[in-house]
Amino acid sequence: MGFDKTFAVNVMYPCASGAYLVMNLPTPPLALPPGFALCGLISANPQHAAAAMAVADPDHQRLANKMVQESSIFGFVAWDAVNQAAIVAIRGTQTIWDWMDDVDAAPVPCLAVPGAGLVHMGFQLVHEHIHLSIKDLLTKNCQGAKTIWITGHSLGGALAVLCAYDLLKNLNLGGPAGSLVPKLYTFAGPRTLDPAFAAKFNTEIPDCNRIVNFMDVVPQVPVPPVYKHVGAETLVHGGFRPLDITYAHHLTTYLAGMNSL
C-alpha cells in the first residue's frame with residue numbers, strides 16, 4: 001500500500017496531532033478516526049531506561065531528559081475492534097530547538113532487537129522510556145490485531161521507526177512475533193538508523209510512508225552517510241517563511257501541504 005492522501009489526512013494526521021494533545025492531564029477529548037476507541041496513554045518510565053541511561057554520557061542523556069520533563073505522556077494507543085486494527089501515535093517535542101543540538105549523537109547498537117543494526121543514541125534512549133508502555137497497551141487491549149498503524153511527528157517520527165521494528169520482532173498479539181508487520185505514516189521525521197539497518201527495515205517493513213514538507217530542516221538531519229532514511233518519501237509543499245525556520249516543520253503546515261496535493 002503506497003501513500004494514500006485521504007487516509008493520511010483523515011486518520012494518521014489527527015492521531016499524530018492527538019499525540020500532542022494528551023501531553024497534559026486531564027486528557028482532552030480526542031478526535032479519533034471513526035471506529036477507534038482510546039485504549040490508554042503511552043507513558044514514560046525512567047526505570048525502564050535506567051540501564052541504557054547509565055552508560056550514556058550526559059550530552060546524550062539530554063534529549064530523553066528534556067522530553068520526559070516536558071511530559072511523561074508520549075501519546076496513545078487506539079483500537080478498532082470491528083476491523084481489528086490498532087493505532088500507536090507518538091509525540092515529538094513542543095519545539096525543535098529542544099533537541100537540534102543533540103542531533104549528531106553517535107550511532108549505537110539497537111537495544112530492542114540485538115544484532116539488528118545501529119540507531120541514533122538519543123532517539124533510542126527516549127524509546128527505552130516508552131517501549132514497554134506501548135507493548136503493554138497493545139497486549140492488554142489489542143489481541144487478535146490484524147493491522148497496526150504507527151504515526152508520529154518530528155521526534156515522534158523517529159520513535160515510530162524504532163517502535164515499528166521493536167513491535168515486529170518482540171510483540172505477540174495472537175500470532176508469533178514477526179507475523180504482524182506494522183505500517184507507518186510519519187511526518188517530519190529525522191533520520192534514525194544506519195544504512196545497513198535502514199535497508200533491513202525497508203525489507204521487513206515495506207509499508208512505511210514518510211511525509212516531508214519542502215524546506216523543513218528536520219528531515220535533513222542527522223546528515224548522511226552515518227544515518228539513512230527509511231520508507232518512501234512523499235514531498236509536500238505546505239509553505240515556509242524565510243525568517244521562521246520552525247514554520248515549515250509545524251504539523252499544521254504539513255496538513256496544508258497534504259491538502260494541496
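Both backbone and side-chain heavy atoms feed into the values below; hydrogens, waters and symmetry mates do not.
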Exam field: side chain [X] to backbone [Y], donor-acceptor pair closer than 3.5 Å:
X: Gln61; Y: Ala56; result: yes
X: Asn45; Y: Ser133; result: no
X: Ser71; Y: Met23; result: yes
X: Gln143; Y: Thr139; result: yes
X: Ser154; Y: Gly92; result: no
X: Lys183; Y: Cys208; result: no
X: Gln124; Y: Leu111; result: yes
X: Asn213; Y: Gly239; result: yes
X: His250; Y: Thr252; result: no
X: Asp4; Y: Phe7; result: yes

Looking only at non-hydrogen atoms, find the nearest pair between [X] and [Y] and report the distance.
X: Ala160; Y: Ile150; answer: CB-CG2, 3.6 Å
X: Val218; Y: Ala188; answer: CG1-O, 3.3 Å
X: Phe197; Y: Leu118; answer: CD1-O, 3.6 Å
X: Ala49; Y: Leu125; answer: CB-O, 4.2 Å
X: His229; Y: Gly189; answer: CE1-O, 3.3 Å
X: Leu180; Y: Pro182; answer: O-CD, 3.3 Å

**Request:** Determine, stepwise, if the pair Leu167 / Leu138 fulfils side-chain contact (heavy atoms from CB on, under 4.5 Å).
**Result:** CA-CA 10 Å; Leu167 296 182; Leu138 290 169; 3.7 Å; yes
For the atom pair [atom1] ([X]) and [atom2] ([Y]), what is the distance rounded to the nearest 0.5 Å?
X: Cys142; Y: Leu137; atom1: SG; atom2: CG; result: 8.0 Å
X: Cys15; Y: Leu21; atom1: SG; atom2: CG; result: 11.0 Å
X: Asn10; Y: Lys5; atom1: CG; atom2: NZ; result: 10.0 Å
X: Thr151; Y: Arg91; atom1: OG1; atom2: CZ; result: 15.0 Å
X: Cys39; Y: Lys140; atom1: SG; atom2: NZ; result: 11.5 Å
X: Lys135; Y: Cys163; atom1: NZ; atom2: SG; result: 8.5 Å

Heavy-atom check, side chain of [X] versus side chain of [Y], under 4.5 Å:
X: Phe187; Y: Met258; result: yes
X: Val230; Y: Arg210; result: no
X: Met53; Y: Pro46; result: no
X: Glu128; Y: His48; result: no
X: Val68; Y: Phe74; result: yes
X: Asp207; Y: Val181; result: no
X: Leu162; Y: Leu193; result: yes
X: Pro190; Y: Pro219; result: no

**Partner residues of His237 under the ring-ring contact (aromatic ring centres under 6.0 Å, His included) criterion, sequence neighbours left out** = Phe214
hydrophobic_cluster_shared for [Y] and [X], side chain cutoff 4.5 Å:
X: Ile90; Y: Ile205; value: yes
X: Leu132; Y: Leu41; value: no
X: Val108; Y: Phe123; value: yes
X: Trp79; Y: Val22; value: no
X: Leu261; Y: Leu235; value: no

**Request:** Would you please test Ile211 and Val236 for side-chain contact (heavy atoms from CB on, under 4.5 Å) and show each step?
**Result:** CA-CA 7 Å; Ile211 299 127; Val236 300; 4.0 Å; yes
**Request:** Can you tell me which residue pairs pass the ring-ring contact (aromatic ring centres under 6.0 Å, His included) test with a partner in residues 19-38, sequence neighbours excluded?
**Result:** Tyr20-His153
**Asked** Would Tyr13 and Tyr185 count as a close aromatic pair, with their ring centres under 6.0 Å?
**Response** no
**Request:** Kindly indicate, with the supporting measurements, whether the criterion side-chain contact (heavy atoms from CB on, under 4.5 Å) is fulfilled by Phe76 and Val88.
**Result:** CA-CA 6 Å; Phe76 63 87; Val88 178; over 6 Å; no
**Prompt:** Counting only heavy atoms not in Lys228, do more than 12 fall under 6.0 Å of its NZ?
**Reply:** no
**Request:** Please test Val119 against Asp194 for side-chain contact (heavy atoms from CB on, under 4.5 Å), starting from the C-alpha separation and ending with a verdict.
**Result:** CA-CA 6 Å; Val119 306; Asp194 82 300; over 6 Å; no
